[in-house]
Structures are given as C-alpha cells and as structure tokens.
Amino acid sequence: MKINTQLHREPLSDKVGQKILNLDKVSILDLDQQAIIDLFKSSGVLLFRGFEADVNTFTEFSNSLSTNFLDYSGGVFNRRVINNNQTVLSVNDFKDEIKLHGEMYYQKIQPLMLWFFCATPPVEKGETIICDAQQFFKELSESMKVLFNQKKLKYVSYWNKEGWQKRYKTTDLKVVKETCANNGTQVKVNEDESINLEYMCPAIYPSRDGNHPTFIGSLLPAKKIDPNIVNFDDGSEITDDIMSELYQIGEKITTEIAWQKGDILMIDNTRIMHGRRTIIDDQRDIYIRLCSPSFPF
Ligand SMILES: [Fe+2]
C-alpha cells in the first residue's frame with residue numbers, strides 16, 4: 001500500500017528552490033506524489049536529501065514522475081551509460097567548471113525536465129550550481145534586454161566523421177540529416193564526410209504561462225569553451241563586455257549545491273539553469289536523466 005508521507009520542506013537557498021528532508025526516515029518512493037508535483041510546479045527545482053537512495057531507487061522514483069526519457073543523442077559531451085540503462089547517464093567526463101545553462105538549448109528539442117543523482121559526492125568543491133532563469137532576465141540591464149530581444153544567437157560547429165558518429169549515435173549521415181532537420185539545425189556535409197552545423201535560437205524565451213521572460217540557453221558555457229561557437233545571427237560578435245555582464249549576473253543569483261550521497265535533484269529545464277564548479281578530485285560521481293514530466297505541466 002502506498003503511504004503518501006507528507007513532505008518536510010525548507011528553502012534550498014534564499015534565492016531559489018525547495019529542499020525535501022527525510023525527517024520521518026521513510027523511502028523516497030512513499031512520499032506524497034501530488035505534493036511533490038505541486039511543489040515542483042511552484043518552485044522549479046527540488047532537492048531530496050537524506051533518503052539514502054541508490055541508483056535503482058533513483059531510477060524508480062524518476063520513472064514515477066517522468067516520461068519520454070532521452071538517450072542524449074545529439075548531445076555534445078561524452079557520458080557513460082549507468083546500469084545498462086541508456087537513459088541513466090554520467091555527467092560529462094571532464095573536470096572544468098561549466099557555466100549556468102539550460103540543458104541542450106543548442107538544438108530545438110530539449111528535455112523539459114532533468115534529474116540528477118549523487119552516487120558519490122566529491123571530497124570537496126565540485127558543487128552543482130543552479131539559478132532561476134526568470135530572475136536572470138530581470139537582472140539584465142535595459143540595453144541587454146533590448147539587444148537579446150532584437151538579435152538571435154547563432155551556434156556553429158564542425159564535427160569530423162568520428163565526432164558526429166559519437167554525438168548522434170549512428171554511422172548513417174542520412175540519420176544525422178534527419179535528426180538535424182527535426183532540430184532546426186542546418187547541416188553541410190564536406191567531401192571528407194565531416195560536417196558543419198548551424199543553429200539559430202533566441203536567448204530569451206517566454207515562460208510556459210507566457211507571463212515571464214526567461215533568459216535560458218547554452219550561451220554562457222559555449223562562449224567559455226570556444227568563443228567562436230556562438231555569436232549573434234547577424235554575424236556580429238557577442239563581446240567580452242557582454243559576456244562579463246552575464247557571468248556577473250550568474251554569480252549574483254547562483255545557488256551552490258554541495259552534494260551528499262543519495263541526493264536527488266529535480267529540475268524544470270524551461271525555468272532553471274544549472275552548471276557546476278570545477279571538480280578537483282576523482283571521486284565525484286553524479287548521474288543525470290533527461291525527460292519530460294508525466295504530469296500536466
Ligand atoms: Fe548540463
């Protein structure tokens with residue numbers, strides 16, 4: 001019988017989100033699901049702490065609240081498959097910091113929702129960071145609001161044959177072309193079967209209810225990784241001054257999550273950006289699932 005244990009909650013920080021604590025020493029699977037859904041819809045991000053979940057419990061819990069799990073095909077980083085489940089993946093395989101971003105906003109089809117699970121916390125540092133992307137928009141100067149409302153972003157990238165085969169999980173260029181067409185991405189195939197990709201998108205999106213402009217996307221980390229990857233759609237440069245204003249806003253409104261073993265994080269990928277601080281040890285092992293909510297959203 002389902003117990004529907006009530007939620008014990010407190011603010012995750014003074015900026016964003018809620019934390020659900022396990023004061024009654026129950027299984028996370030016995031929590032009142034409607035209460036979770038209501039709190040997720042109002043808060044955008046929930047951290048479940050103290051439930052001593054393992055990866056199986058994490059998988060079952062996320063299955064119970066989500067649908068349409070993605071296997072990260074089209075994603076740009078290397079991820080390991082966990083437990084032979086193509087929809088439970090490690091986070092990417094390098095240690096650098098990753099600036100705040102919405103997941104997979106460099107293509108049209110994005111997961112609406114993300115789950116993170118802490119299999120092993122880092123010894124120190126390596127925090128995951130989150131922020132409210134509607135708050136991010138509010139913090140922009142008036143001139144930046146005008147600029148990003150007027151101009152779209154253009155992402156360009158080059159992939160050799162080995163690279164695109166890994167990224168799109170196929171050896172068939174036809175499949176790549178089809179996937180890119182569905183994703184609003186232009187593909188140019190070169191003689192050596194390398195490809196060039198081009199994708200345009202806004203930096204500011206309306207919220208699902210249409211009432212709150214939301215500054216969300218991949219601009220901050222993309223620009224950090226390679227300044228040539230993304231600029232404005234008219235060919236003009238997104239300058240260092242612009243980026244430094246954006247990075248400053250990001251720091252001002254960031255909440256850091258110092259992982260504890262078994263933590264589960266539930267994120268609305270249309271409203272909350274995430275990233276991470278630099279990793280300094282080899283222990284940190286965090287998993288991710290990309291999906292949609294299985295409830296009206
Ligand atoms: Fe991410």
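Computation of the quantities below employed the complete heavy-atom set of this structure, encompassing side-chain atoms and omitting hydrogens, waters and symmetry-equivalent molecules. Whatever order the structure lists ligands and atoms in, that order sets their numbers, starting from 1.
- Through side-chain heavy atoms spaced under 4.5 Å, either directly or across other Ile, Leu, Val, Met, Phe, Trp or Tyr residues, Leu21 is tied to Leu23.
- Evaluation of the side chain to side chain donor-acceptor pair (under 3.5 Å) rule for Asn211 yields no partner, not counting sequence neighbours.
- Screening residues 56-67 for side chain to side chain donor-acceptor pair (under 3.5 Å), with sequence neighbours left out, gives Gln33-Ser64, Asp54-Thr57, Asn56-Asn83, Ser62-Arg289, Asn63-Arg289, Ser66-Trp115.
- The set of protein atoms (N, O or S) found at less than 2.8 Å from the Fe ion (ligand 1) reads His101 NE2, Glu103 OE1, His274 NE2, by chain and number.
- Thr278 and Lys95 are not linked by any side-chain donor-acceptor pair at a separation below 3.5 angstrom, with hydrogens and angles left out of the test.
- A pairwise comparison of heavy atoms in Ser43 and Gln18 identifies OG-CG, 3.2 Å as the closest pair.
- For an aromatic pair to be called close, the ring centres must be under 6.0 Å apart, and Phe215 with Phe148 satisfies this.
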